[in-house]
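A short write-up of the structure that comes next.
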Amino acid sequence: QVQLVESGGGLVQPGGSLRLSCAASGFTFSNYVMSWHRQAPGKERELVARITSTGGTNYADSMKGRFTITRDNAKNMVYLQMNSLKTEATAVYYCIARAPLWVDNYWGQGTQVTVSS
């Protein structure tokens, strides 16, 4: 059974920080590209950050310098460190696993991040 379980979301003030975690199981984690996407109410899903099996990263332009994606293959974990949070970061954040050659894609259930004063 494939599982992606996000945690770490919550309420944070503007300028604050959160660290999201994604625990993966049921597939060969180390071979998968892992990413974080988010979706705010009334808006389309967007890429936040992506990390390859070897540690290469990509970020949406607005996230560069403030968000950091990391992975720990020994623990089957992916993290998203979010600093200097702005209100527009309010969204549900999803952990996504992409198999080599795009043969599979798995989604977690999401974790809510709310940035508000």
Side-chain angles (χ1 to χ4, degrees):
Q1 181 81 18
V2 172
Q3 287 188 315
L4 295 171
V5 182
E6 301 98 332
S7 61
L11 176 65
V12 63
Q13 293 184 339
S17 298
L18 282 175
R19 188 197 193 203
L20 305 184
S21 298
C22 174
S25 61
F27 62 98
T28 307
F29 175 82
S30 61
N31 294 134
Y32 278 61
V33 175
M34 303 299 298
S35 64
W36 290 93
H37 288 64
R38 71 185 183 188
Q39 188 165 26
K43 297 184 178 180
E44 294 184 353
R45 175 182 57 82
E46 65 174 339
L47 171 71
V48 176
R50 179 173 59 235
I51 186 166
T52 70
S53 61
T54 56
T57 59
N58 292 100
Y59 299 91
D61 287 342
S62 62
M63 320 299 172
K64 294 179 180 178
R66 299 187 299 112
F67 288 14
T68 304
I69 186 171
T70 57
R71 69 189 297 161
D72 186 340
N73 287 342
K75 297 181 178 180
N76 288 6
M77 296 288 292
V78 182
Y79 307 97
L80 182 68
Q81 180 67 46
M82 304 186 293
N83 299 325
S84 301
L85 284 165
K86 302 175 181 179
T87 56
E88 48 263 47
T90 296
V92 177
Y93 285 71
Y94 298 94
C95 178
I96 302 171
R98 176 168 64 82
L101 304 179
W102 299 83
V103 296
D104 285 306
N105 280 282
Y106 306 124
W107 289 67
Q109 292 299 116
T111 185
Q112 176 71 48
V113 172
T114 302
V115 184
S116 176
S117 59

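In what follows, every heavy atom counts, from backbone to side chain, and hydrogens, waters and symmetry copies are set aside. As the structure is a computational prediction, the values presented were derived from the model and not from experiment.
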Write down the atom of M82, the atom of V113, and the distance for their closest heavy-atom approach.
CE-CG2, 3.9 Å

Restricting to side chain to side chain donor-acceptor pair (under 3.5 Å), what partner residues turn up for T54, sequence neighbours left out?
T52

Within residues 52-69 or reaching into it, pairs that qualify as salt bridge (charged side-chain N to carboxylate O under 4.0 Å, His left out) - sequence neighbours excluded:
D61-K64

Establish whether I51 and I96 are linked, either directly or via other cluster members, by ILVMFWY side-chain heavy-atom contacts under 4.5 Å.
no

Which heavy atom in V92 sits nearest to a heavy atom in G110, and how many Å separate them?
CG1-CA, 3.8 Å

How would you list all residue pairs meeting salt bridge (charged side-chain N to carboxylate O under 4.0 Å, His left out) that involve residues 4-17, not counting sequence neighbours?
none

Quick check for you: to the nearest 0.5 Å, what is the distance between M63 atom CE and L47 atom CG?
8.0 Å

Apply the hydrophobic cluster definition, ILVMFWY joined by side-chain contacts under 4.5 Å directly or through others, and give me every member besides Y79.
M77

Non-hydrogen atoms of A89 and V115 that approach each other most closely
CB-CG2, 4.2 Å

Looking at W36, W107, Y106, which hits side chain to side chain contact (heavy atoms under 4.5 Å, CB included) with C95?
W36

Would you sort out whether T68 and L80 count as a side chain to side chain contact (heavy atoms under 4.5 Å, CB included), showing the intermediate values?
CA-CA 6 Å; T68 304; L80 182 68; over 6 Å; no

Any pair with a residue in residues 51-73 that passes ring-ring contact (aromatic ring centres under 6.0 Å, His included), sequence neighbours left out, goes on the list, sorted by first then second residue, please.
none

For Q112, which residues count as a side chain to side chain donor-acceptor pair (under 3.5 Å) partner, sequence neighbours excluded?
T114

Can you give me every donor-acceptor pair (side chain of residues 97-105, partner residue at least two apart or in another chain, under 3.5 Å) with its distance?
none

Between side-chain atoms of residues 9-35 and protein atoms elsewhere (two or more places apart, or another chain), which donor-acceptor pairs fall under 3.5 Å?
residue	atom	partner	partner atom	Å
S17	OG	N83	OD1	2.9
S35	OG	H37	ND1	3.3

Pairs meeting criterion salt bridge (charged side-chain N to carboxylate O under 4.0 Å, His left out) with involvement of residues 46-59, two or more places apart:
R38-E46

